[in-house]
Amino acid sequence: MSDREKEIEKKEEKEIKKETEKKEEKEIKKEVKKDTAEEKKASSSSSEREKDAQEEEEAAPLPNQDKLDKLVALFKGQVSEDAVVDAYINELDHHVPVVTVHSDHLLACAAILLSDEQLKLNYLRNVSGVDYETHLEVVYQFVSMELKHHYVIKVKTDRDQPVVPSLTSLWKTADWNEREIYDLLGITFTGHPNMKRIMMPDDWVGHPLRKDYEAADPEV
Amino acid sequence: MSIRTEELLVNVGPQHPSTHGVFRLVVKLDGEVITEATPVIGYLHRGTEKLAENLSYTQIIPYTDRMDYLSAMTNNYVLCHAVETLMKLEIPEKAEYLRVIVMELNRVASHLVWWGTYLLDIGAMSPFLYAFRDREKIVELFNELCGARLTYFYMRVGGVKWDAPPGWIDKVKEFIPYMRKQIEEYEKLVTGNEIFLSRVKDIGKYDSQTAINYGLSGVNLRSTGIDWDLRKQEPYSLYEQFDFDVPTSTDGDCFARYRLRIEEMKQSLSIVEQAVAQFPEEGKIMAKVPRVIRPPAGEVYSRIESPRGEIGCHIVSKGKAEPYRLKFRRPSFVNLQILPELLIGETMTNLVTIFGGIDIVLGEVDC
Amino acid sequence: MDNMIEQLSIGSVSLVTLATAALLLIVLVFVTYGIYFERKVIGWIQLRQGPNRTGPFGLLQTVADVFKLLIKEDTIPNNADKTVFKLGPIISFIPAFVVLAVIPYTENLYFANLNVGLLYYVALSGISTIGILMGGWASNNKYALLGGMRSVAQMISYEIPLVISMVGVILMTGSLNMIQIVEGQAGGFWSWNIFPQIVAFGIFIIAAVAELNRTPFDLPEAESELIAGYHVEYSGFRFAFYMLSEYVYIYAIAGLTTVLFLGGWHAPFAFLSFIPGLIWFIIKFCSIVFFLFWIRATMPRLRVDHLMGLGWKVLLPLSLVNIFVTAIVLELLK
């Protein structure tokens, strides 16, 4: 496996060299790099983020910044001071406000999302699970059909003992989505009525979407 | 003397004519009345999301063809659109026109297959063949455009692969009035049929609250009176330029969903008509894209309106040529969740009606 | 007693056997080409060609199909009730064939001139239901059981309006003898029973289609729900027997409709009576068969509860009213 990865990396390097030879593509690459830099800013940790935010507020506030601030204040005020782990605007994705919530407070925060008069996020459009190798993350995409705005809520969880409260009691959409994440990434959703595998057979070993998952047959 | 009665446990599927693929429904029957229904899926799970983590973005596109194989064009688009959003690419106008034309034609083709198979489920044989005759015309148009009939692999990040061959736009222009006439004929044949109406009216009813709570999208949501079509609500591509309606109904039953799909075909034809009328003959079909696509690090969730509802693509990129994590929000998968609730207390006959009315594609459910 | 033995001489027995064999042959030819015709008609309605490869114009397609069924492995599910499983197709087929005896084709061409011909038909055709139930039950398959149950419920519900709709015709003729029923309709198409008994004709046709288990009443087989219903576990020749009995019933029902309502072998106009009666019979017979195929290609399938509702709440009262009206009108016209 590792040899193969090395090979792939080598190939990539070659490709990069080829690219750099072309002038036109160079320009694009520069743009791409710029974007990456911006993105790095956006996704950096909360302490740095606050600094950045202060700087940016002085310069030009991002669109939706007020929405994000309101939501963070709401969570901190109504749920708990440490409910919010991180908050930023995802500029690449239509400037959607993203709030990372502590998994202990997820249910309380979600209840606010659903009931708050100014949020009314009644539609859970997607739930994804991501394996970041250091931790696992569940990403919830919310939208309000009345107020036509969207928010993203994230929850981080430990890789060895991944547990996240289930949102099935609030949005039934979460049911199969959470089962799929349990099946493919191994995150257990507490309070889920039917926490069973959905895609793989019931006796399957391992969770295929984990980055360190070893296929039963390495040839596949 | 009392007669001993038992609940009957019936496996509907995975091999069953009305499950439209390898879908299994474990049904408990009391006589012919369903007391419990448990869907079992995963028979067609190919691990597209896992495979994608080792593929370049262009290589993933053919995999999307195989998800919702009845509307591969919209699947192509959602992935390309996600990557383009990440890269902030400007798509040439001509490419966008071609994309809209093929996506809307594909919507018509997809709804035609639904129409035919739904009536086959209900027991009418002929509409199936009529629907396939007209779908064939669309498929032939696609074949001429990109050389494939089902798995098109037509769109690329930054545009489309092939320009419209000479005369193709004229063929599309000819097709529109033909299809309109056919739809009218279909309505005469089926929509007024008493038996058909008695089979679909007031069957599989749910209200808008339930629909939202279950995250239903597409026609399943609009049949409860909610005006939610991503082409209007969150316009992508060129949809803002076109004049079209989003048909809704407040009945929330199978007949409402039937009517909306017929109506959507007409609206799609009107979009195609406008698009071919404005179609720019000159222009590029691909934006300037590096040969190896490396979107910047970041996260994006792009969503569009597929014939079955909101299809979404959630990409987590780390700036490499392969996505770090790729997740598809498949409308069929989400829409199917409501099925067990709808089936309680219904008969075997209504099972087929309700299940068909949701309109799922198994390739997409299992992904 | 002596009289009977005298009648059953070797000569008469062999004659009856020969005639029966001839009828069986005719029926088999009808079924073969009935299926071919059905596939062609439905094919044309559905913009297809229908069978056109085996033999000229595909004429040998059904022969090939039957041959395939004959040489196919005969499978019986392990947990099936084997005796009943084997008996089912036979019990289903025999009455279908036996009822044909009383159908008169012309005033001279018939097999049995029973004075209770109609009653005989109704009584025997009811037995087929048992064959279907046996097949559905013995297969030890849930879909087959559901199909068998549906079939019994449906056939019993529709047999009643079917029989009662015939009573109007019987009242008008004053006989249960099929030949006399046809004789009563002589003299141009206006004296056919279809016109005075138009309500009965409608009920009869609907109930007949339901009796035949054909679209839109093909719930026992409903391939989209029950896959194939009662014969889902049958293969090879046992399956062929079920199909055969279905098509023989088409033959029987088409013949019965012609006799009861369409004036049998009588020409619609006196000046057309130079054409032999048998030809007229065949023309009427074929139009009924075509009609059955036509609706199969057009209609969706009914739902079980609607089907029962239609049978008990609409057709039965209507056929009863029809009897009363017929009786009153006949009394007044006396």
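Just so we're on the same page: letters track the sequence lines, and every chain starts at 1. What's counted below: heavy atoms across the whole structure, side chains too, no hydrogens, waters or symmetry copies.
Every residue two or more places apart in sequence or in another chain was checked for a side-chain contact (heavy atoms from CB on, under 4.5 Å) with B:T250, and none qualifies.
Closest heavy-atom contact between B:P39 and A:W176: CG-CZ2, 3.7 Å.
The shortest distance between side-chain heavy atoms of A:M145 and B:I212 falls below 4.5 Å. Two residues are said to be in side-chain contact when any heavy atoms from C-beta on lie closer than 4.5 Å; B:Y301 and A:V152 fail this criterion. Counting heavy atoms from C-beta outward, B:N213 and A:T173 have side chains that stay 4.5 Å or more apart.
One distance of note links CG of A:D183 with NE2 of B:H45; it measures 7.0 Å at 0.5 Å rounding. Interatomic distance, NZ of B:K327 versus CG of A:L184, reported as 8.5 Å (0.5 Å rounding). Atom CG of residue A:L92 and atom OG of residue B:S302 lie 12.5 Å apart, to the nearest 0.5 angstrom.
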Trace of the salt bridge (Lys or Arg N to Asp or Glu O under 4.0 Å) decision for B:R329 with A:E180: CA-CA 11 Å; B:R329 183 233 198 250; A:E180 195 187 13; over 6 Å; no
B:E299 and A:V98: CA distance, side-chain angles, deciding distance, side chain to side chain contact (heavy atoms under 4.5 Å, CB included) verdict: CA-CA 11 Å; B:E299 211 173 328; A:V98 183; over 6 Å; no
Worked verdict on B:F333 versus A:I198 for side chain to side chain contact (heavy atoms under 4.5 Å, CB included): CA-CA 11 Å; B:F333 177 74; A:I198 189 163; 4.1 Å; yes
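Annotation: maximal heavy-atom pairing with chain B below 4.5 Å, among A:R197, A:K148, A:H94, occurs at A:K148. Among B:V40, B:I226, B:L216, the residue making the largest number of heavy-atom pairs under 4.5 Å with chain A is B:L216. By number of non-hydrogen pairs under 4.5 angstrom with chain A, the leading residue of B:Q233, B:R303, B:E49 is B:R303. Note: A:V130 leads A:D175, A:V127, A:V130 in heavy-atom pairs under 4.5 Å with chain B. Ranked by heavy-atom pairs under 4.5 Å with chain B, the list A:R125, A:H150, A:Q141 is led by A:R125.
We find that B:K88 and A:E91 are not joined by a salt bridge, their nearest charged nitrogen and carboxylate oxygen being 4.0 Å or further apart. Under a 4.0 Å N-O distance rule, the pair B:E53/A:K211 qualifies as a salt bridge.
Of the two parts of A:N177, the backbone and the side chain both hold a non-hydrogen atom closer than 4.5 Å to a non-hydrogen atom of chain B. With a 4.5 angstrom heavy-atom cutoff, A:K196 does not touch chain B via any of its atoms. Only the side chain of A:V143 has a heavy atom closer than 4.5 Å to any heavy atom of chain B. Neither the backbone nor the side chain of B:L326 comes within contact range of chain A; no heavy atom of the residue lies under 4.5 Å from a heavy atom of that chain. Neither the backbone nor the side chain of B:R46 comes within less than 4.5 Å of any heavy atom of chain A. With a 4.5 Å cut-off on non-hydrogen atoms, A:L114 does not touch chain B at all. In this structure, chain A has a heavy atom under 4.5 Å from the side chain of B:E341, while its backbone stays farther away. Residue contact with chain A, scored on non-hydrogen atoms closer than 4.5 Å, involves the backbone and the side chain of B:S217 alike. In this structure, chain A has heavy atoms under 4.5 Å from both the backbone and the side chain of B:K50. Looking at A:E146, there are no atoms closer than 4.5 Å to chain B (heavy atoms on both sides), in backbone or side chain. Contacts between B:Y43 and chain A at a heavy-atom distance below 4.5 Å are absent for every atom of the residue. For chain B, no part of A:R179 is nearby; none of its heavy atoms comes within less than 4.5 Å.
Within 6.0 Å of atom NZ in B:K28, 12 or fewer heavy atoms from other residues, nucleotides or ligands are found, so the atom counts as exposed in its surroundings. The 12-atom threshold is exceeded at CZ of A:F142, counting heavy atoms of other residues, nucleotides or ligands nearer than 6.0 Å. Residue B:Q209 qualifies as open at atom CD: its count of foreign heavy atoms under 6.0 Å is 12 or below.
Contacts between residues 309-316 of chain B and chain A, counted as heavy-atom pairs separated by less than 4.5 Å, involve B:E310, B:H314, B:V316.
Taking the ring centre of A:Y132 as origin, the terminal cationic atom of B:K318 falls outside the region bounded by 6.0 Å and 45° from the ring axis.
Proximity of a side-chain donor or acceptor of B:Y324 to a complementary backbone N or O of A:D131 within less than 3.5 Å is detected.
Side chain to side chain, A:K172 and B:Q337 fail the donor-acceptor criterion of an N or O pair below 3.5 Å.
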